[in-house]
**Student:** 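One structure follows; several queries about it will come next.
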Amino acid sequence: MLPPIPMLRHNLQQIIAGKAAQGHDVKGLQTELRDLPESYDALHAFALKLADLPLKEGWPYVEPNDYEAIMAECDPRRPQGRLADISAAEATARAESAFEAAVAGCILGKPLEIDPTLEEIRTAAEATGEWPINDYITLDFFEKIGRRNTTNETCCRETIRFVAPDDDINYTIIGMLMLENHGLGFTRPQLAEVWLRNLYPLITHGPERMMLAATAMRSRLTSEPLTDADIDRYVSGWNLGDELCGAAIRVDAYGYACPGRPDLAAELAWRDSSWTHRRTGIYASMFIAAAIAAAFVERDRLRIFEIALQFVPRRSRFYEIMADCIEMVRQASDWLDGYRRIHAKYHMYRHCQLYQECGTLMNSARFAADSGQAICMQVSQGADTDCFGEIIGSIMGAYFGPCGLEPRWLAPFQDRLHTGLGGFHETSLSAVTRRMGRLPLLTV
């Protein structure tokens, strides 16, 4: 069964809007789309044209997708090789702590994934005596905020009995499996194979679901192996949301595997993110993976992100906004002041839109006293709370190490991990944590 034509028209409208944000000349395209006949062939031909639109005259940004072209646009002074020595034992302990804090941050943020602002969260939390947030959210909180997420049943203080299934944790495990099974040289076609065997379409979103559908359909039509050229063709076509956060939540394991090696972490993150995303979707992924890797050895917290930013094209929108956010956080008097500065300027970038959210990562990192406080600060800043609660957990878990997260954050899980992965059957959180802790042995 083919998708209904009205659905395809709606998707193309969204793709045109995305192309406009990326600086492409889209003048007249919405009218042209409206006037197309009710024809799959006509709509497909129109979609192919959108993949190769010219940029608007005077567009100031240069935003390549190819790895070599990205590197050519990055700071030539970016570090190559290890930033500082780290022992295998310390790297293992920090990687385990990073994963534990990531899991706690994800579950803390999961019931709050209703695109709230800090002010909305604070008002509700003050009404229930939970401000500042210092534990998992209670069920009473949602009576005050007036919006609900269906994960209340498994992710609130009164209801947590295990690590609930979540796409962020699924993807971190997928990254672990890629490195365990294929090593540092894994390819995008190998990644596609692991996805097809493990990810159910309805536990993915946006570009991830589109690429799963495209490659699954291809596997029914041909026995020829999937190639990088196939991937680039698919990801450039009917691909909504290719600058959203779906790739950025997939790269934690690459940071764990590369302690003190932000250059290698960024390269692995490019390989994964370019399977589904473009431009900002790629750059944010490289930035996050590099920050996790740097956090193992760099003690200056804002310097972690300055290093990570060296692996982002300097003439990109993402670089421009992140450089601005670093300075706002540097000037902030506390984390609430940092949030207000970032939110005042970038509030239009809400749930999954990366710019505001990556800015608040730096805010949490600068002011947190430990990993537990970091995940609380991050979730309190709203937007995509589970994804960025998980990411800040990885960064600050690697930074603080085993002393950074109190046991009370893990105790409610009872060492039970539930995932949504078809081919992954380990249910012990501690066992998966130990496997994450072995990833640094690939490079240390």
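These numbers come from the heavy atoms of this one structure, side chains and all, not from hydrogens, waters or symmetry mates.
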**Student:** State, with a plain yes or no, whether a side-chain heavy atom of L268 is found less than 4.5 Å away from one of L184.
**Tutor:**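 Yes; the side chains approach each other to less than 4.5 Å.
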**Student:** With the side chain counted from C-beta on, respond yes when E120 and R147 share a heavy-atom pair under 4.5 Å apart, and no when they do not.
**Tutor:**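 When only atoms from C-beta onward are counted, R147 and E120 do touch, with a gap below 4.5 Å.
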**Student:** How are the rings of W238 and H44 set to each other: parallel, tilted or perpendicular (split at 30° and 60°)?
**Tutor:**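 Ring orientation, 0 to 90° scale: parallel.
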**Student:** Do we see a donor-acceptor contact under 3.5 Å between the side chains of S285 and R250?
**Tutor:**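 No, because no side-chain N or O of S285 sits under 3.5 Å from a partner of the opposite role on R250.
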**Student:** Which one of T385, D384, I392 satisfies the side-chain contact (heavy atoms from CB on, under 4.5 Å) criterion with E357?
**Tutor:**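 Option passing the side-chain contact (heavy atoms from CB on, under 4.5 Å) with E357: D384.
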**Student:** Got more than 12 heavy atoms from elsewhere within 6.0 Å of CZ, R77?
**Tutor:**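 Counting neighbours around CZ of R77, 12 or fewer heavy atoms of other residues, nucleotides or ligands fall under 6.0 Å, so no.
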**Student:** Just checking, any donor-acceptor pair under 3.5 angstrom between side chains of E100 and S371?
**Tutor:**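 No, no side-chain donor-acceptor contact under 3.5 Å.
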**Student:** With a 3.5 Å cut-off and no angle check, do the side chains of D324 and Y346 form a donor-acceptor pair?
**Tutor:**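 Yes - a donor-acceptor pair under 3.5 Å links their side chains.
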**Student:** Any luck finding a side-chain donor-acceptor pair between E73 and S316 under 3.5 Å?
**Tutor:**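 E73 vs S316: no donor-acceptor pair found between side chains.
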**Student:** Can you tell me if Y256 and S394 form a side-chain donor-acceptor pair at under 3.5 Å?
**Tutor:**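 Note: Y256 and S394 side chains meet the donor-acceptor criterion.
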**Student:** I'd like to know whether CZ of R197 has more than 12 heavy-atom contacts from other residues, nucleotides or ligands below 6.0 angstrom.
**Tutor:**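 Not buried by this count: 12 neighbours or fewer within 6.0 Å.
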**Student:** For the residue pair W275 and W195, categorise the inter-ring angle as parallel (less than 30°), tilted (30 to 60°) or perpendicular (more than 60°).
**Tutor:**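 Aromatic pair W275/W195 classed perpendicular.
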**Student:** Within a strict 4.5 Å, meaning less than it, do heavy atoms of the L244 and Q353 side chains meet?
**Tutor:**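 They are in side-chain contact.
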**Student:** Side-chain contact test, heavy atoms from C-beta onward, threshold under 4.5 Å: evaluate it for Y339 versus T117 and give yes or no.
**Tutor:**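 SC-SC contact between Y339 and T117 confirmed.
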**Student:** Is there a side-chain contact between M436 and V103 in this structure, where contact means two heavy atoms from C-beta onward sitting under 4.5 Å apart?
**Tutor:**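 A side-chain contact is absent here, since even the closest heavy-atom pair is not under 4.5 Å.
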**Student:** Would one find more than 12 heavy atoms of other residues, nucleotides or ligands at under 6.0 Å from atom CG of D300?
**Tutor:**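 Atom CG in D300 is crowded, with more than 12 foreign heavy atoms closer than 6.0 Å.
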**Student:** Would you check if there is a donor-acceptor pair between the side chains of Q356 and H347 at a distance under 3.5 Å?
**Tutor:**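 H347 vs Q356: no donor-acceptor pair found between side chains.
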**Student:** Parallel, tilted or perpendicular for W59 and Y61, by the 30°/60° rule?
**Tutor:**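 W59 vs Y61 ring planes: perpendicular.
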**Student:** Name the one of L43, L240, N239, I16 that satisfies side-chain contact (heavy atoms from CB on, under 4.5 Å) with N11?
**Tutor:**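 Per the side-chain contact (heavy atoms from CB on, under 4.5 Å) rule, the option paired with N11 is L240, out of L43, L240, N239, I16.
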**Student:** Y355 vs Y349, test: ring-ring contact (aromatic ring centres under 6.0 Å, His included). Steps then yes/no.
**Tutor:** CA-CA 6 Å; Y355 297 113; Y349 300 111; 4.7 Å; yes
**Student:** Are V444 and P259 packed together at the side-chain level, in the sense that at least one heavy-atom pair is separated by less than 4.5 angstrom?
**Tutor:**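 They are in side-chain contact.
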**Student:** For M217, I'd like to know if atom CE has over 12 heavy atoms of other residues, nucleotides or ligands within 6.0 Å.
**Tutor:**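 Not buried by this count: 12 neighbours or fewer within 6.0 Å.
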**Student:** Is the terminal nitrogen or CZ of R94 (NZ for Lys, CZ for Arg) located under 6.0 angstrom from the six-membered ring centre of F400 and within 45° of that ring's axis?
**Tutor:**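 No, cation not above the ring by the 6.0 Å, 45° rule.
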**Student:** Do N363 and T360 have a side chain donor and acceptor closer than 3.5 Å?
**Tutor:**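 No, no side-chain donor-acceptor contact under 3.5 Å.
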**Student:** Y136 vs W409 aromatic rings, parallel, tilted or perpendicular, using cut-offs 30° and 60°?
**Tutor:**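 Correct class here is perpendicular.
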